[in-house]
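Here it is, the structure, as structure tokens.
Lettering follows sequence order; numbering is per chain, from 1.
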Amino acid sequence: MRILMRGVEFGDERTRQNMERELRERLQRSADTGRPLRVYCGFDPTSTELHLGHTVPMRKLRQFQDLGHQAIFLIGTFTGTIGDPSDKDAARQQQSLEEALEKAQAFVDQAWRILDPERTLVEYNHRWLAKLTFSEVIHMASLFTVQQFLARENFANRYAKGDPIWLHEFFYALMQGYDAVALRTDVQIGGTDQLFNLMAGRKLMEAYGLEPQVILTFPILVGTDGRLRMSKSTGNIIGIDERPGVMFTKVLNLPDAVFRNYAELLTRWSPEEIDAMIGAMERGELNPQDAKRALAWEIVSIFHGDAAADRAAEDARRMHRGTAPSDAPQIRLSGPRPLVDLVAEAGLVKSKSEARRLIRQRGIRLDGQTVEDEHAVVTPSDRSEQVIQVGKRKFLRVLAT
RNA sequence: GGGCGGGUGCCCGAGUGGACAAAGGGAGCUGACUGUAAAUCAGCCGGCGUAUGCCUACGGUGGUUCGAAUCCGCCCCCGCCCA
């Protein structure tokens, strides 16, 4: 129980007490009857990449798994075509079912970094949501009032600003709620921003004569910018499939202020350890950089193992000295090439113009020497590789063919 | 269905015939400073072998004009008010 409730956050003490009590009762009943609880968390396939933000509820699912319960990894192949308004100021762009299914596959592939494939049920909500009849939808809609929706902060804001609120956005909560009905779940896990949707699930379950699910919500993980929720569309993500070195430096470059948020949501550290570290930082006994180095190691280790974490830490040191990390991309050259073409082709910059710009700003180095000439040419050497560095952290190794 | 106001670069937003790749802000990128953070300062910020050059771009389309983000026609879309 202590493990399962760790990190749970509702923003309301009464809700927390109620949920804790309900969860305790369910666990007891499960122990008595031998029926594992059905625990699920849904993810809309809006990108092809799972990121650290997704892993917070996923790891909670894993904890339930490890206690013998049934984890359901639900992919919002249908809800994902509508778009969740929860974290948005504006409506999300819609996509087709085909696109959603493609991304869903990518999600499943990455999910096994956290979940146990043997004990996970993967579900797709288009299987039941696509079959609902209009009268069923109307019935569900009749259980909620427009005022309840307009009371939600993001809708209220958009309404006040005169921004469009599309009718179909209201249905998002109903659809997600119906997932709980269709799956007959005992527990649903989600971010605190999902509270409204999860509560809609409880309401619908009651209306369908089912016992309402227990809901557990968790704080939102902020992105690399240190302010906004981590999400692909904001571009502030750390993907769980990213190379260990990239993951490591991204964590290292986080603003100091998010240390607690990350430590509590992502690491295996105990609350006591985390408090101790933050206390030491505040007293000036621990350099925040060292704390983040430990955090980076811990996070990389969780997803890629200790060895990869060690290597990433070493690479970060090398990069700081201006030498290429061990996993830097390589390119083979048969003859002299203009530097500008080379870095553009290798994808280190978006365009040749950008490359020229960077040279003018002294942001490109060749073997440690700042490149001064926009027309510089790279000539491959048989003897040794050459290292091109763009900005602080992009490297390219050049070898002769 | 009617009236009014809108649709501009990644986002917000100024711009009502040429000096507009288009003010300003945000985001992003580079450099300095630092702890590889934050803050601050400077620069950059559509593309093109760099060019007082060309291409792409101001909801769509068709016009007017030497010249259109700016004017006109038609169309699409959004907000507010009324029905």
Given RNA chain B, 5'-ward residue of the pair R356(A) and S351(A), judged by closest heavy atom
S351(A)
When you compare A57(B) with U70(B), how far apart are their C1' atoms, in angstrom units rounded to a whole number?
15 Å
Between U64(B) and C11(B), how far apart are the two C1' atoms, rounded to whole Å?
35 Å
Write down the distance separating the C1' atoms in C71(B) and U65(B), rounded off to the nearest Å.
9 Å
Scanning both residues in full, the closest heavy-atom pair of R337(A) with L333(A) reads CG-CD2, 3.3 Å
Sticking with atom C1', work out how far G49(B) lies from C77(B), rounded to a whole angstrom.
42 Å
Quickly work out the K352(A) NZ to A51(B) P distance and round it to whole Å.
16 Å
In this structure, how many angstroms lie between the P atom of G79(B) and the CD1 atom of I165(A), rounded?
9 Å
At their closest point, which heavy atom of S326(A) faces which heavy atom of D315(A), and how far apart are they?
OG-OD2, 2.6 Å
Could you report the tightest heavy-atom contact between V146(A) and F170(A), atom names first, then the distance?
CG1-CE2, 4.3 Å
Enumerate the residue pairs fulfilling ring-ring contact (aromatic ring centres under 6.0 Å, His included) with a member in residues 193-222 of chain A, sequence neighbours excluded, ordered by first and then second residue.
F149(A)-F196(A), Y178(A)-Y208(A)
For nucleotides 21-43 of chain B, read 5' to 3', which letter fits each nucleotide if B means a protein heavy atom sits under 4.0 Å from the base, S means only the sugar-phosphate is that close, and - means neither?
--------SSS---BBB-----B
In the strands shown, is U50(B) matched to any nucleotide by a Watson-Crick or G-U wobble pair with both distances under 3.5 Å, and which?
none
Considering only the C1' atoms, how many Å lie between G59(B) and G9(B), rounded to the nearest integer?
14 Å
Under 3.5 Å on both distances, the Watson-Crick or G-U partner of U34(B)
none
Check this one for me: any side-chain N or O of S353(A) less than 4.0 Å away from OP1 or OP2 of G46(B)?
no
Of the candidates U50(B), G47(B), C80(B), the side chain of Y159(A) sits closest to C80(B)
Partner of D66(A) under side-chain hydrogen bond (donor to acceptor under 3.5 Å, both in side chains), chosen from Q63(A), R62(A), H69(A)
R62(A)
Rounding to an integer number of angstrom, what distance separates C48(B) and G43(B) when you compare their P atoms?
24 Å
Between R317(A) and E314(A), does at least one N-O distance fall below 4.0 Å, as a salt bridge requires?
yes
Identity of whatever pairs with C80(B) - Watson-Crick or G-U, under 3.5 angstrom:
G3(B)
Going by an N to O cut-off under 4.0 Å, is there a salt bridge joining R14(A) and D12(A)?
no
Give the ring-plane orientation class for W112(A) versus F73(A), where under 30° counts as parallel, over 60° as perpendicular and anything between as tilted.
tilted
Under 3.5 Å on both distances, the Watson-Crick or G-U partner of G43(B):
C29(B)
What is the separation between atom CD1 on I359(A) and atom P on C44(B), rounded to the nearest whole Å?
17 Å
Using the C1' atoms only, state how far A68(B) lies from A37(B), rounded to an integer number of Å.
49 Å
In Watson-Crick or G-U wobble terms, with both distances under 3.5 Å, the base opposite A22(B) is none
C78(B) to G24(B) separation - C1' atoms, rounded to the nearest Å:
25 Å
